[in-house]
Novice: 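Below are the structure tokens for one structure; questions will follow.
Computed from a predicted model, the values in this text were never measured in an experiment. One is the number of the first residue; the rest follow in order along the sequence.
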Amino acid sequence: MCAAAADPGAGRDLDDRSDPALQRGLESVVRSLGLANEVGAKHLALALVDVTDADSPRLAMLNGNEMMYAASLPKVAILFGAFAEVESGRLALDETRIEAMTNMIRYSSNEDASRVLAWVGPERLLEILQSDRFRFYDAAGAGGLWVGKAYTKDGAYRRDPIRHLSHSATAFQVARLYYLLATDALFTPRLNELMKEILSKPGIRHKFVKGLESRPGVRIYRKSGTWRDFHSDSSLVEYGHYRYIIVGLTEHPHGGDWLVRLAAPLHDLVVSPPPPAAGR
């Protein structure tokens, strides 16, 4: 018998967790990098969450509830949906399925993403994302995470009700998913740890991963996305006793470079002073 499922609606969540000091810091970093106008034009959306104290998270956002096309980043929603089905007993985990999920996340395999989506069921995934328990997409509110198309050449089977996008997200809802995962409020502890393992060891070096190479000792759990002028990234980062989440969604030819440049300053905004050396 599995342990009782976590219920994000009844415990930890990010609602009403805005932190004025962290917000000022985020805005200062964006200004210092010359990106304030891009935020104003809604070409850049950001969410930063300090989860070092799991019971008192600190949230800062810019365009955090703005729905944007997110390319391959919503593959994290497919992973989430698969684990929801595993938890419910509708989907069995085996080596083949774990390998497909890992390739979908670490190397952004479109073939494996479409395979995992088929195991969950496209309409079933949308049902889970919009469920009262998880609330990762709200058609009557700001939207959120949406997967309305397999990662194939086939057309969309259902576009999101707000922006009519096939693969979309808000920075807030992506950050919220990572927060619930980081604090064991998403699934059972065993499933949370396995989901984190799949998100670990990024196989593609760009965006936040590249930007954080200047900060040795970080451990990153991430999923990114790129298509034409759309560049996105999302990461749960552990560094010493610090833990934080950064999510960036962009629509600009240089959006990928923006995310590289943002990573280290946002790390420094949370990590001050740096933790003592851990021998690694």
Novice: Heavy-atom distance under 4.5 Å between the side chains of Leu22 and Leu59, does that happen here?
Specialist: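 No; the side chains remain at least 4.5 Å from each other.
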Novice: Hey, mind stepping through Glu27 and Gln23 against side chain to side chain contact (heavy atoms under 4.5 Å, CB included) and telling me if it holds?
Specialist: CA-CA 6 Å; Glu27 293 172 2; Gln23 182 70 32; 3.0 Å; yes
Novice: Could you measure the distance from the OG1 atom of Thr96 to the CE atom of Met101? Nearest 0.5 Å is fine.
Specialist: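 Spacing of OG1 (Thr96) from CE (Met101) equals 11.0 Å.
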Novice: Please determine whether a side-chain nitrogen of the Lys or Arg among Glu38 and Lys42 lies less than 4.0 Å from a carboxylate oxygen of the Asp or Glu.
Specialist: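 Judged by the 4.0 Å cut-off on N to carboxylate O distance, Glu38 and Lys42 do not form a salt bridge.
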Novice: Give a yes or no on whether a salt bridge exists between Glu87 and Arg190, defined as a side-chain N under 4.0 angstrom from a carboxylate O.
Specialist: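 Not counted as a salt bridge, because no side-chain N and carboxylate O are separated by less than 4.0 Å.
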Novice: Which is it for His267 and Val218 under the side chain to side chain contact (heavy atoms under 4.5 Å, CB included) test, yes or no, and what are the steps along the way?
Specialist: CA-CA 10 Å; His267 171 92; Val218 300; 3.7 Å; yes
Novice: Flag the pair Arg158 / Leu126 as yes when at least one side-chain heavy-atom distance between them is below 4.5 Å, and no otherwise.
Specialist: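 Yes, close enough: below the 4.5 Å cut-off.
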Novice: What are the two closest non-hydrogen atoms of Ile105 and Arg222, and how far apart are they?
Specialist: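 Smallest heavy-atom distance, with atoms named: CG2-O, 3.6 Å.
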Novice: Any heavy-atom pair between the side chains of Ile220 and Ser200 that's under 4.5 Å?
Specialist: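 Not touching, per the 4.5 Å side-chain cut-off.
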Novice: What distance separates Leu236 CG from Lys196 NZ, expressed to the nearest 0.5 Å?
Specialist: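 That separation rounds to 6.0 Å.
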Novice: Could you tell me which non-hydrogen atom of Ile78 sits nearest to which non-hydrogen atom of Val120, and how far apart they are?
Specialist: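 Minimum heavy-atom separation between Ile78 and Val120: O-CG2, 4.4 Å.
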Novice: Taking all non-hydrogen atoms of both residues into account, name the closest pair between Val29 and Pro265 and its distance.
Specialist: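 So the minimum-distance heavy-atom pair works out to CG1-CB, 3.7 Å.
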Novice: What do the steps show when you test Met104 against Leu79 for side chain to side chain contact (heavy atoms under 4.5 Å, CB included), and what is the final call?
Specialist: CA-CA 8 Å; Met104 170 180 72; Leu79 179 67; 3.8 Å; yes
Novice: Tell me whether Met67 is reachable from Trp227 by hopping between hydrophobic residues (I, L, V, M, F, W, Y) whose side-chain heavy atoms are closer than 4.5 Å.
Specialist: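 Looking at the clustering, Met67 is in a separate group from Trp227.
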Novice: Do any N or O atoms from the side chain of Arg58 and from the backbone of Val49 form a donor-acceptor pair under 3.5 angstrom?
Specialist: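 No, Arg58 side chain to Val49 backbone: no donor-acceptor pair under 3.5 Å.
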Novice: Taking His164's backbone N and O only, do any of them form a donor-acceptor pair with Asp160's side chain (distance below 3.5 Å, no angle check)?
Specialist: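 Yes, the answer is positive, given that a donor and an acceptor are paired below the 3.5 Å cut-off.
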Novice: Would you check if the side chain of Asn63 reaches a backbone N or O of Val39 as a donor-acceptor pair within less than 3.5 Å?
Specialist: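 Yes.
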Novice: Does either side chain, that of Lys223 or that of Ser232, offer a donor lying less than 3.5 Å from an acceptor on the other one?
Specialist: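 Judged by distance alone, the side chains do not pair up.
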Novice: So Asp50 and Asp19, do their side chains get closer than 4.5 Å, heavy atoms only?
Specialist: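 Result no, sub-4.5 Å side-chain heavy-atom pair not found.
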Novice: Give a yes or no on whether the backbone of Val237 and the side-chain of Arg243 come within a donor-acceptor separation of less than 3.5 Å.
Specialist: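 No; zero donor-acceptor contacts below 3.5 Å.
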Novice: Answer yes if the ring centres of Trp146 and His167 are under 6.0 angstrom apart, and no otherwise.
Specialist: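 Judged by ring-centre distance (under 6.0 Å), Trp146 and His167 do not meet the cut-off.
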Novice: Any chain of hydrophobic side-chain contacts (each under 4.5 Å) joining Val116 to Tyr107?
Specialist: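 Different hydrophobic clusters.
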Novice: In Å, rounded to the nearest 0.5 Å, how long is the span from CG of Leu44 to NE2 of His231?
Specialist: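 Reported to 0.5 Å precision, the distance equals 12.0 Å.
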Novice: Donor-acceptor pair, distance only, cut-off 3.5 Å: does the side chain of Arg261 make one with the backbone of Leu33?
Specialist: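 Checked: pair present.
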Novice: Are Met195 and Leu186 side-chain neighbours, meaning at least one heavy-atom pair lies under 4.5 Å?
Specialist: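 Touching, per the 4.5 Å side-chain cut-off.
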Novice: Does any part of the side chain of Arg124, heavy atoms only, come nearer than 4.5 Å to the side chain of Arg90, both counted from C-beta?
Specialist: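 Arg90 reaches Arg124 side chain to side chain.
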Novice: Within a reach of under 6.0 Å around CG of Asn37, are more than 12 heavy atoms found that belong to other residues, nucleotides or ligands?
Specialist: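 No, the 6.0 Å shell around CG holds no more than 12 heavy atoms from other groups.
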Novice: Residues in ring-ring contact (aromatic ring centres under 6.0 Å, His included) with Phe172, at least two apart?
Specialist: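 Applying ring-ring contact (aromatic ring centres under 6.0 Å, His included) to Phe172 gives none.
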Novice: Using the rule that two of Ile, Leu, Val, Met, Phe, Trp, Tyr join whenever any of their side-chain heavy atoms come within less than 4.5 Å, decide whether Leu35 and Val260 are in one cluster.
Specialist: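 Leu35 and Val260: separate clusters.
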Novice: Under 4.0 Å between a side-chain nitrogen and a carboxylate oxygen: does that hold for Glu213 and Arg205?
Specialist: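 Looking at Arg205 together with Glu213, the answer is yes, because their closest N to O distance falls below 4.0 Å.
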Novice: Measure from the side-chain N and O atoms of Ser114 to the backbone N and O of Tyr151, and report whether any donor-acceptor pair falls under 3.5 Å.
Specialist: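 Yes, the answer is positive, given that a donor and an acceptor are paired below the 3.5 Å cut-off.
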Novice: When the aromatic ring centroids of Tyr239 and Tyr244 are compared, is their separation below 6.0 Å?
Specialist: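 Aromatic pair excluded; centres sit 6.0 Å or further apart.
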Novice: Which atom names give the shortest non-hydrogen contact between Leu180 and Asp13, and what distance separates them?
Specialist: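 So the two residues come closest at CD2-CA, 4.4 Å.
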Novice: With a 4.0 Å cut-off, would you call Arg215 and Asp268 a salt bridge?
Specialist: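 Salt bridge present between Arg215 and Asp268.
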Novice: In terms of side-chain geometry, is the basic nitrogen of Lys207 or Asp233 positioned less than 4.0 Å from the acidic oxygen of its partner?
Specialist: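 Answer for the salt bridge query: no.
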Novice: Under the ring pair (Phe, Tyr, Trp, His ring centres under 6.0 Å) rule, what do Tyr178 and Tyr221 come out as? Steps first, then yes or no, please.
Specialist: CA-CA 9 Å; Tyr178 279 97; Tyr221 308 86; 8.7 Å; no
Novice: Salt bridge or not for Arg176 and Asp15, using N-O below 4.0 Å?
Specialist: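 Asp15 and Arg176: not salt-bridged.
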Novice: Do Lys149 and Asp154 meet the salt-bridge criterion of a basic N to acidic O distance under 4.0 Å?
Specialist: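 No, this pair does not count.
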Novice: Grab the two heavy atoms, one from Val270 and one from Tyr242, that are nearest each other, plus how far apart they are.
Specialist: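 Minimum heavy-atom separation between Val270 and Tyr242: O-CE2, 3.6 Å.
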Novice: In the single-linkage hydrophobic clustering (I, L, V, M, F, W, Y; side-chain heavy atoms under 4.5 Å), do Phe187 and Leu91 co-cluster?
Specialist: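 Yes; Leu91 is reachable from Phe187 via cluster members.
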Novice: I want to check something: taking the side chain as every heavy atom from C-beta on, are Leu194 and Ile98 in contact at a cut-off of under 4.5 Å?
Specialist: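 Yes - at least one pair of side-chain heavy atoms lies under 4.5 Å apart.
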Novice: Are Tyr69 and Leu46 joined in one hydrophobic group, where the rule is that I, L, V, M, F, W and Y side chains link up if heavy atoms are under 4.5 Å apart?
Specialist: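 Tyr69 and Leu46: separate clusters.
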Novice: From Ser234 OG over to Ile246 CD1, what is the distance, rounded to the nearest 0.5 angstrom?
Specialist: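 One finds 9.5 Å between OG of Ser234 and CD1 of Ile246.
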Novice: Between Gln173 and Asn65, is there a donor-acceptor pair closer than 3.5 Å when you use the side chain of the first and the backbone of the second?
Specialist: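 No; judged by distance alone, with no hydrogens or angles, the pair does not exist.
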Novice: Between the side chains of Arg115 and Asp112, is the shortest nitrogen-to-carboxylate-oxygen separation below 4.0 Å, so that they form an ion pair?
Specialist: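 Answer for the salt bridge query: yes.
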Novice: Report the distance from atom CG of Leu249 to atom CG of Leu62, rounding to the nearest 0.5 Å.
Specialist: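 Taking CG in Leu249 and CG in Leu62, the distance rounds to 12.0 Å.
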Novice: The test is side chain to side chain contact (heavy atoms under 4.5 Å, CB included); show your working for Met61 and Val247 and say whether it passes.
Specialist: CA-CA 9 Å; Met61 300 193 301; Val247 181; over 6 Å; no
Novice: Just checking His252 against Phe230, ring centres under 6.0 Å apart?
Specialist: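 When the ring centroids of His252 and Phe230 are compared, they turn out to be at least 6.0 Å apart.
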Novice: Do Pro161 and Tyr137 have side chains that approach each other closer than 4.5 Å (heavy atoms only, starting at C-beta)?
Specialist: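 In short, these two side chains touch, coming nearer than 4.5 Å.
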Novice: Has the side chain of Ser28 got a donor or acceptor atom that lies under 3.5 Å from a matching backbone atom of Arg24?
Specialist: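 Side chain of Ser28 to backbone of Arg24: no pair is present.
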Novice: So, are Arg228 and Glu251 salt-bridged, with charged N and O less than 4.0 Å apart?
Specialist: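 No, no charged N to carboxylate O under 4.0 Å.
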Novice: CG/Leu145 to OG/Ser168 distance, rounded to the nearest 0.5 angstrom?
Specialist: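 Answer for the CG-OG pair, Leu145 versus Ser168, is 8.0 Å.
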Novice: List the atom of Ser72, the atom of Asn110, and the distance in Å for their closest heavy-atom pair.
Specialist: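 Smallest heavy-atom distance, with atoms named: OG-OD1, 4.2 Å.
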